[in-house]
Amino acid sequence: MTEVSLGMPRLPAPDYPAEVRARLEADAKEIIARYPGSRSALLPLLHLVQSEEGHVTPTGMRFCAEMLDLTTAEVNAVATFYTMYRRKPSGDYQVGVCTNTLCAVMGGDAIFEALQEHLGVGNNETTEDGKVTLEHIECNAACDYAPVVMVNWEFFDNQTPESAKKLVDDLRAGREVRPTRGAPLCTFKETARILAGFPDERPGAVEASGSAGPASLAGLRLAKGEASGPKVVSPRGGEAPATAGQPTTSTGEAPEPHPSSHDAPQRTAASDPDNPAGPVTKEGK
């Protein structure tokens, strides 16, 4: 007879070593103090224990239950509901390929299939070196840069199978990789601690987060009645001129472009700077 696992933790789960327990308790108390009701701290506490071991273990769930006066069943119900909490050991870099509608038709499915073959892993599986866990993900609200790949929740826009394969190769080799937007990459454990609510102490990391890109802001500018320039995505590797409503630096100049080290522009209206995007009529004016 085949044994069926329901994902429930086997009890009693072992406790953390004394020194680890003491350190996590101090962090947990800081998190819990932020909320008027202690059980509201469960989500960040799960990120906290995930930052310790790279996934949410039975020991981590026991710790959360004890800190919040919950049952392990209550903690397990939350930990298994959200896909951001890993249930088994995973890689230093979570590489997620969006396969929702727009990313899929723009090449997301092809990217996911290429990475599966290139890495020799399936969905939610990790490479033998422990560096990369591959997964397909749902919409990450970046359709204007489709197809999108995310690494530890940082964006890599306008990808192709070739650029995505180079991306994972660089991650596994330890080479520097720059997201298209957002803070510099850190490991999955470090990301989990930031999601638990602790500051990112890396110099310049917060400032590097920036804001939405020109393609994302085009609709907002039109809604506000501002002039729309013919280009919504700056040329890769070059500077884009400042347009009406576009953020500028303190000197009035256009901000420096922040292309990803793995940017791969597609020949589409959304990513071809020579192909105007947006309305061509003057409706509403």
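- Annotation: side-chain contact (heavy atoms from CB on, under 4.5 Å) contacts of Pro199 (sequence neighbours excluded): Glu201.
- Side-chain atoms of Asn152 come within 3.5 Å of backbone atoms of Cys186 as a donor-acceptor pair (strictly under, hydrogens ignored).
- The distance from the CZ atom of Arg178 to the CZ atom of Phe156 is 10.0 Å, given to the nearest 0.5 Å.
- Checked for salt-bridge contact, Lys189 and Asp92 miss the test: no charged N lies under 4.0 Å from a carboxylate O.
- Residues passing the salt bridge (charged side-chain N to carboxylate O under 4.0 Å, His left out) test with Asp129 are Arg172, sequence neighbours excluded.
- Evaluation of the salt bridge (charged side-chain N to carboxylate O under 4.0 Å, His left out) rule for Asp169 yields no partner, not counting sequence neighbours.
- Residues Val75 and Cys64 come closest through the heavy atom pair CG1-CB, 4.1 Å.
- Salt bridge absent: Glu125 and Lys88 never bring a charged side-chain N and a carboxylate O closer than 4.0 Å.
- With rounding to the nearest 0.5 angstrom, the CD1 atom of Ile111 is 6.0 Å from the CD atom of Gln159.
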Under 3.5 Å, which donor-acceptor pairs link side chains of residues 29-39 to any protein atom two or more places apart or in another chain?
unit_1	atom_1	unit_2	atom_2	d
Arg34	NH1	Ala196	O	3.2
Arg34	NH2	Gly197	O	3.2

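- Considering OG of Ser90 and NZ of Lys131, their distance stands at 13.0 Å, rounded to 0.5 Å.
- The distance from the CD atom of Glu190 to the CG atom of Leu195 is 12.0 Å, given to the nearest 0.5 Å.
- Heavy atoms only, all atoms of each residue included: Asp109 and Ala104 are closest at OD2-CB, 3.7 Å.
- Donor-acceptor pairing under 3.5 Å is lacking for the side chains of Glu135 and Asn123.
- In this structure, the side chain of Arg62 engages the main chain of Ala13 through a donor-acceptor pair within 3.5 Å.
- Side-chain N or O atoms of Thr127 include one that pairs as donor or acceptor with a backbone N or O of Val132 at under 3.5 Å.
- The nearest pair of heavy atoms linking Leu185 to Pro179 is CG-CG, 4.1 Å.
- Here Gln116 contributes atom CD and Leu134 contributes atom CG; the two are 6.0 Å apart, rounded to the nearest 0.5 Å.
- Judged by distance alone, the side chain of Asn140 and the main-chain N or O of Glu138 form a donor-acceptor pair under 3.5 Å.
- Looking only at side-chain heavy atoms (C-beta outward), Leu24 and Phe63 come within less than 4.5 Å of each other.
- A donor-acceptor pair under 3.5 Å links the side-chain atoms of Glu74 to the main chain of Thr71, judged by distance alone.
- Formation of a donor-acceptor pair under 3.5 Å by the Arg202 side chain with backbone atoms of Pro184 is found in this model.
- In Glu19, the CD atom is crowded: over 12 heavy atoms of neighbouring residues, nucleotides or ligands sit closer than 6.0 Å.
- Residues Glu154 and Arg181 come closest through the heavy atom pair OE1-O, 3.7 Å.
- Taking each heavy atom of Ala146 and Asn158 in turn, the nearest pair found is O-OD1, 3.5 Å.
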Hey, can you pull the donor-acceptor pairs under 3.5 Å for the side chains in residues 45-53, sequence neighbours left out?
unit_1	atom_1	unit_2	atom_2	d
Gln50	OE1	Arg86	N	2.7
Gln50	NE2	Met84	O	3.2
Ser51	OG	Leu48	O	2.5
Glu52	OE1	Arg23	NH1	2.9
Glu52	OE1	Arg23	NH2	3.4
Glu52	OE2	Arg23	NH2	3.2
Glu53	OE2	Tyr16	OH	3.3
Glu53	OE2	Thr57	OG1	2.8

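- Proximity of a side-chain donor or acceptor of Glu25 to a complementary backbone N or O of Ala22 within less than 3.5 Å is not detected.
- At least one donor-acceptor pair under 3.5 Å links the side chain of Arg87 to the backbone N or O of Thr80.
- Annotation: the span from Gln94 atom CD to Thr191 atom OG1 amounts to 9.0 Å, rounded to 0.5 Å.
- Listed here is the closest heavy atom pair of Phe188 and Gly54: CE2-O, 3.5 Å.
- In the hydrophobic clustering of ILVMFWY residues, with side-chain heavy atoms under 4.5 Å counting as a link, Ile194 and Tyr93 come out apart.
- Evaluation of the side-chain contact (heavy atoms from CB on, under 4.5 Å) rule for Leu43 yields Val78, Tyr82, Tyr85 as partners, not counting sequence neighbours.
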